[in-house]
There are 4 protein chains.
Amino acid sequence: MQTKECADAASHEPSGGLRAAQREFTRRRFVEAAVTVFAEKGYVETTIDDILRRAGASKATFYVYYDNKANLLLDALAPYRCEYAVLVRQFQQLVEPTLADFESWISDYVDLYSEHRLLLGAMHQAEVFEPEFRGRTIEAVRNYIDMWDKIKLIETSKEPRDLLELRCVLLYSQIQRFMYVWQLEGLEIDRSSAVCEIAAAWYRIIKSA
Amino acid sequence: MQTKECADAASHEPSGGLRAAQREFTRRRFVEAAVTVFAEKGYVETTIDDILRRAGASKATFYVYYDNKANLLLDALAPYRCEYAVLVRQFQQLVEPTLADFESWISDYVDLYSEHRLLLGAMHQAEVFEPEFRGRTIEAVRNYIDMWDKIKLIETSKEPRDLLELRCVLLYSQIQRFMYVWQLEGLEIDRSSAVCEIAAAWYRIIKSA
Amino acid sequence: MQTKECADAASHEPSGGLRAAQREFTRRRFVEAAVTVFAEKGYVETTIDDILRRAGASKATFYVYYDNKANLLLDALAPYRCEYAVLVRQFQQLVEPTLADFESWISDYVDLYSEHRLLLGAMHQAEVFEPEFRGRTIEAVRNYIDMWDKIKLIETSKEPRDLLELRCVLLYSQIQRFMYVWQLEGLEIDRSSAVCEIAAAWYRIIKSA
Amino acid sequence: MQTKECADAASHEPSGGLRAAQREFTRRRFVEAAVTVFAEKGYVETTIDDILRRAGASKATFYVYYDNKANLLLDALAPYRCEYAVLVRQFQQLVEPTLADFESWISDYVDLYSEHRLLLGAMHQAEVFEPEFRGRTIEAVRNYIDMWDKIKLIETSKEPRDLLELRCVLLYSQIQRFMYVWQLEGLEIDRSSAVCEIAAAWYRIIKSA
DNA sequence: TATGAATGAGTCTTCATTCAT
DNA sequence: GATGAATGAAGACTCATTCAT
């Protein structure tokens with residue numbers, strides 16, 4: 001699902017010479033090592049040394065590239081964030097979305113999530129105790145409300161804005177935790193039913209508005 | 001809201017002699033210290049030493065009572081867990097619940113959650129990286145499904161069981177994350193609207209069934 | 001030359017029980033190890049590990065007792081500082097000091113300095129780059145001026161106070177650096193001549209006043 | 001105060017071609033950067049990287065020019081050392097110096113010192129823990145004695161040579177430490193009084209001889 | 001000549017846990 | 001039952017220095 005516009009986010013595609021390529025190569029090794037080790041041991045239990053060992057690099061080299069583990073995770077997340085941003089933009093371009101539109105969008109989102117699930121698991125852990133990551137939740141909620149806001153459904157509604165925002169928060173909460181329980185805690189879920197049910201809930205917000 | 005049947009969970013009320021009372025006294029000091037410090041610094045940042053200092057106890061004493069920090073948290077959570085269990089039982093005794101029933105129940109749950117919010121925050125952190133706590137999520141989900149199961153709505157429904165379970169998971173996800181975002185991340189929410197909206201969603205599951 | 005009143009500074013004499021004695025014992029081991037290693041490698045080159053190895057203690061133990069190397073040095077210097085303070089008090093009690101008084105005092109000071117010379121060497125190094133030690137020089141100068149001030153020679157003099165203070169600074173500078181060059185750089189010096197010459201310079205300050 | 005004969009010491013004036021000029025240019029950049037950074041952070045706290053960053057040069061380039069930080073400091077000190085050497089020669093040419101001669105010389109020395117004070121501060125730090133710099137003190141003392149020796153006052157004196165040397169050491173100690181306390185520790189001192197007092201002490205050595 | 005990527009070797013610091021008293 | 005001295009083990013981070021380009 002790697003879209004063209006996110007290739008750069010993934011790779012910091014070296015524009016220039018050999019040096020740049022070399023640098024990019026190393027950076028990518030760190031990212032790959034991190035992804036692997038985070039997947040194995042989770043973010044918390046992973047030490048910088050673990051990543052180093054996997055990447056076959058030395059401690060000092062790590063600090064040339066990153067300030068700390070959180071930093072590296074952020075870098076590793078870049079592709080996901082970019083692709084998610086693309087999805088958000090697509091959502092915002094929906095005009096009078098149908099149930100099918102929502103199903104299709106959610107399906108894409110599920111794909112994206114499951115593609116990056118282990119990294120997202122690491123991110124959830126980081127959110128708990130990396131200062132850099134804490135407080136992102138609120139931001140994410142606002143982003144989500146924003147996403148709905150842009151499709152002009154909120155402001156044109158007869159319902160009070162506060163109520164609509166509350167519903168957004170509830171939808172956000174639902175999908176977030178659900179994805180986590182499903183993709184990361186391994187609860188068995190029937191994919192298409194899930195997409196349908198969530199889409200239905202999303203659609204209801206429009207109908208009621 | 002401390003119900004009578006949970007007093008014991010909170011205190012391990014000493015049945016017996018002086019020794020037991022003394023022991024109970026010390027245990028309670030640890031729990032109180034833990035609650036305070038977890039509230040201040042969060043579970044992750046809190047060291048056993050922090051708790052000790054607050055409790056005015058010594059290192060070794062701690063290990064007489066608990067194996068580790070997670071253990072102590074579990075102990076501190078006992079009152080919450082007990083009261084939550086009471087709530088669950090009340091839910092299961094609902095017969096043909098009305099919207100008002102759900103609103104009332106959810107309202108009680110919100111009370112319970114907010115009463116223990118800081119401790120629950122600690123718990124969320126612990127879930128991320130304490131082996132003892134990991135995997136509790138699935139269990140919690142199953143419990144939740146069970147709760148609904150007992151009110152006989154699932155099994156008497158015409159809808160396939162899988163779908164009803166899925167809806168439970170979605171409701172569970174929704175309220176869990178919502179409570180977290182509201183109570184712990186500090187998102188401003190209108191309480192009564194929230195209760196109404198959630199209750200409505202819960203009620204819908206019955207109607208549709 | 002260990003005076004009675006400084007025994008405590010040296011040892012933190014345990015007033016109490018076994019525990020206190022044990023603690024004091026360990027602390028003293030650290031101090032002794034530090035003195036030895038500082039003498040061997042100088043303060044700068046000495047790592048905490050070096051001291052640990054010599055003391056036969058573990059890293060963690062060190063941090064139970066001290067926050068850092070500078071802290072330990074400060075502790076090790078306590079006896080010297082105490083004895084120096086005694087000397088200062090003796091100086092201040094001189095009434096109409098004679099040349100012989102100065103000679104005697106300086107001689108004592110030389111004894112004290114040479115008794116602690118290696119530790120004082122470490123201190124000089126620490127003054128260069130331990131924040132805790134930086135800025136002590138000015139303080140030491142003021143102390144020295146104070147010492148002269150107390151013998152009432154400054155204030156009763158016809159000379160302006162500023163000039164007398166300047167002379168004090170010059171005397172301070174002279175003896176400080178001289179002791180360093182002699183005792184720590186190993187320049188060969190005839191002790192009694194040195195004492196005489198310095199005393200003469202000190203005496204001149206009174207005469208001229 | 002840059003005398004003509006020291007211009008070379010400052011610049012290693014390129015005699016030859018373009019290459020040499022280029023080389024000299026880079027070297028000077030390092031020196032300037034070093035002076036600035038040493039002044040800001042002191043010698044100890046300054047890392048080679050700091051200097052590099054300031055000079056806008058790269059790691060490897062540094063090692064083309066210098067072996068280490070101490071080396072660079074030595075290079076940066078060249079102008080000072082040269083000018084000091086000039087002063088020393090002037091001193092040695094004094095014939096039957098008067099009090100005014102000494103005052104004038106000391107005044108020049110104060111100028112020189114304060115012009116280079118921050119670099120001299122760096123040097124004092126380096127003396128503490130750079131092998132290259134350690135042991136320079138003794139050498140400096142001997143140089144100072146030598147300076148007095150050359151004016152033939154020592155050898156023609158009736159006093160024993162040892163005593164005269166001792167007095168030199170005391171004068172050396174005095175002015176060294178005094179300059180440090182004054183110029184680098186920031187003790188407030190009246191310049192002309194200081195010059196007078198020191199000169200008086202120097203003059204006394206002649207009189208007594 | 002100039003560079004910057006890579007590193008070895010080291011240092012400080014923290015914390016949960018044990019054991020003799 | 002309570003204590004606090006001691007520690008093992010690990011982790012984060014820094015810096016001078018080298019080497020291929």
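In what follows, chains carry the letters A, B, and so on, assigned in the order in which the sequence lines appear, proteins first and then strands, with residues in each chain numbered from 1.
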Pick base, sugar-phosphate or nothing for F25(C), based on heavy-atom distances below 4.0 Å to the nucleic acid. nothing
When we call it a touch if two heavy atoms are under 4.0 Å apart, what does D50(C) touch: a base, just sugar-phosphate, or nothing? nothing
Residue T47(D), side-chain atoms from C-beta onward, closest of dG8(F), dA6(E), dA16(F): dA16(F)
Has the side chain of K59(B) got a donor or acceptor atom sitting under 3.5 Å from an opposite partner on the base of dT18(E)? no
Quick one: sort the F30(D) and Y65(D) rings into parallel, tilted or perpendicular, breaks at 30° and 60°. tilted
Ring-plane angle category for Y80(C) and H116(C), please: parallel below 30°, perpendicular beyond 60°, tilted otherwise. perpendicular
Gap between atoms [atom1] and [atom2], on [X] and [N] respectively (whole Å):
X       : N       : atom1 : atom2 : result
D49(B)  : dT7(F)  : CG    : C1'   : 14 Å
I51(B)  : dC15(E) : CD1   : C1'   : 13 Å
E130(C) : dC12(E) : CD    : C1'   : 12 Å

Is there a side-chain polar atom (N or O) of [X] under 4.0 Å from OP1 or OP2 of [N]?
X      : N       : answer
Y63(A) : dC13(F) : yes
T61(D) : dT3(E)  : yes
Y65(A) : dA6(E)  : yes

Take F62(D) and E45(B), find for each the nucleotide of DNA chain E with the closest heavy atom, and name the residue whose nucleotide sits nearer the 5' end. F62(D)
Stems for DNA chain F (at least 3 consecutive Watson-Crick or G-U pairs, under 3.5 Å) come to E:2-21 with F:2-21
For the student: nearest non-hydrogen atoms of A76(A) and V35(A), plus distance: CB-CG2, 4.4 Å
Give me the one residue out of D50(D), T36(D), T46(D) that meets side-chain hydrogen bond (donor to acceptor under 3.5 Å, both in side chains) with K41(D). D50(D)
